[in-house]
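The chains referred to below are lettered A, B, ... by the order of the sequence lines, with proteins before strands, and numbering in each begins at 1.
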Amino acid sequence: MASGYLCSMSKKVRVRFAPSPTGGLHLGGMRTVLYNYLFAKKNSGDFIVRIEDTDQSRYVAGAEEYIFNCLKWAGLEPDESTIHGGEYKPYRQSERKDIYRKYAEQLIKDGHAYYAFDTPEELEKMRNDFKTDHNHSPQYDGLVRMKMRNSVTLSSDETKKLLDEGARHVIRIKMPEHETITFIDMIRGEVSFDTSLVDDKVLLKADGMPTYHLAVVVDDYLMKISHAFRGEEWLSSAPVHVLLWKYLFGINEMPQWAHLPLILGPNGKLSKRDGAKYGFPVFAMNWTDPKTHELVEGFKEKGFLPEAFLNLLALLGWNDGTEQEIFTKEELIEKFSIERIHSSGAKFDYEKAKWFNHEWMKRLQISDLPAGRQGLRFQIETFFNTKGITISDNVKFEKIIALVKDRCNLLTDFYDQSYFFFITPDKWDVDAVKPKWNEDKKNYFESWVSKLTDTKEWDSVSLENDFKLLAAEKNIKPGELLLPLRVMLVGGKFGPPVFEIAAVLGKEETIKRIKSAIIMFQ
RNA sequence: GGCCCGUUCGUCUAAGGGUUAGGACACCACCCUUUCACGGUGGUGAUACGAGUUCGAAUCUCGUACGGGCUACCA
């Protein structure tokens, strides 16, 4: 197990994360950022977020803003300069093409890379020709290299001629024949690969854009990254990156890698399709795929609290060794350690995710939100607005939220749990009352209403006292009257304690609902 | 097919050679509550398999099985 990297660190911690904007910001990506953030915070380091900007993703407009907003919502304090400016700009790969080409040419000069002129058709043919039962997908390796059109097989005159003519070409790394590449992963410890099993990866594409392999190494060097976190899916290409560091900048300059275990859906790697299929969000915030126009729902819009989102994400593959499960962001920063990150993938469990949110809902203090969190109040009000309810009385609103939050899993549950405070129910569970409804009860409620009309005290305790006093006078068990009263006020058998409801509804509305219900129960 | 990574209740996980293998979600039962929840108490439920090392293995080693990842001019 790797250890001691904290004390041996000589430069500032900078962590880097490269989300793919084509797919929004999913759970795995978000967790990578979170671990980056926790690690950087803990070590007073910088936190660089950079977005891959490749030919495939360039069509995505607004991706930077989207990711910025996701991080902001989750409380990961993104600094606008880490996306658009600052010391290391530009960040878009398309604006750094010259830099990548310079390093790619450098590799060729040193004999570690070469020009390859093969067309896609020729590559396709090669893969077909070399395909055997024992080798499903032949690679562009040391053997194949000698049979293709590239600057290794071509004479230098031929190569120069092609380049001068402007022939389409890529630059490939020349993998050494039999070398064992070993590096230390912060989570897995020592990992080694044989170079003969890795192919000559493309470093610079025909359009002049770098592949991830070149970009990650060059950028991490230029941006002085000391620790790099990424998903486990990158582990198999790590030897390419290690080699590039060795050739370009020296192995001692290489950042420390942490390959995070994958977050799994019900069937393997979590995909955005899983969300639609199984009914849970996979992205931090709503994301509309610009090509397919398909909307993928986000945790925010689904009604998750950012505190809960961070909490559940952090615990998916990490724990502090105690039985504590609810952590504030500050506690996470304090207790986070890379040593305790798991090496195996974790299956995402939506039921448990909702439990985390419920725990945070119970802790929610809407009347006492810190300055930076007013957006949450706006969000809750918006949920009501979309259902046709406008919040006019803030004090009442806060009381209602406090009254029902314990029984809500998601912010969106607020409506179902409390709409009857704002609008008179249009449906009553008459069947629950009618069989036991009689003249005595009718008389009771009629006299209670007339008492209420004169009462001055309007709080849940005195309402309940008066209610029970009158019941004793009329010789009726209070228990017989509570259910009818509840149905009168809320329409059904649910909701917070009934006298609390009456207290919040107010005198006029309470009396009105009882009166109309008495008529209905006939 | 090849390579890499992994494997403790259904799920997330604790236990760093000695524990009745602990906790949480979910599920079930009971209690609380004259509604629905919250909450409380208890229950069902796991070391993939096979060898080896050891007085002693979930823990160390090897093999097998299973799962996942990679195998693109995608990231």
Next item on the list: For A:K493, enumerate each residue passing the side-chain hydrogen bond (donor to acceptor under 3.5 Å, both in side chains) test, keeping only those at least two apart in sequence or located in another chain.
Entry: none
Next item on the list: Name the residue closer to the 5' end of RNA chain B, choosing between A:E359 and A:K493 according to the nucleotide with the nearest heavy atom.
Entry: A:K493
Next item on the list: For A:L482 and for A:L123, locate the closest nucleotide of RNA chain B by heavy-atom distance; then report the residue assigned to the nucleotide nearer the 5' terminus.
Entry: A:L482
Once the angle between the rings of [X] and [Y] is folded into 0 to 90°, is it parallel (under 30°), tilted (30 to 60°) or perpendicular (over 60°)?
X      : Y      : result
A:F467 : A:F445 : tilted
A:Y66  : A:W287 : tilted
A:W234 : A:H213 : perpendicular

Next item on the list: Establish whether the base of B:A26 is bridged to the side chain of A:K352 by a donor-acceptor pair shorter than 3.5 Å.
Entry: no
Of the options [options], whose atoms approach the side-chain atoms of [X] most closely?
X      : options             : answer
A:R127 : B:C74, B:U7, B:A72  : B:A72
A:H358 : B:C38, B:U35, B:A72 : B:C38
A:V191 : B:C4, B:C74, B:A37  : B:C4
A:K201 : B:C73, B:C38, B:U71 : B:U71
A:R340 : B:A15, B:C74, B:C3  : B:A15
A:D349 : B:C73, B:U11, B:C5  : B:U11
A:E233 : B:C12, B:C70, B:C38 : B:C70

Notebook entry, point to check: Syn or anti: how is B:C38 classified when any glycosidic angle within 90° of 0 counts as syn?
Noted result: syn
Note to self: Are B:G1 and A:H136 stacked, with the base six-membered ring and the side-chain ring centres under 5.5 Å apart and planes under 30°?
What the structure shows: yes
Check: Between A:N319 and B:C12, does any side-chain N or O lie under 4.0 Å from OP1 or OP2?
Finding: no
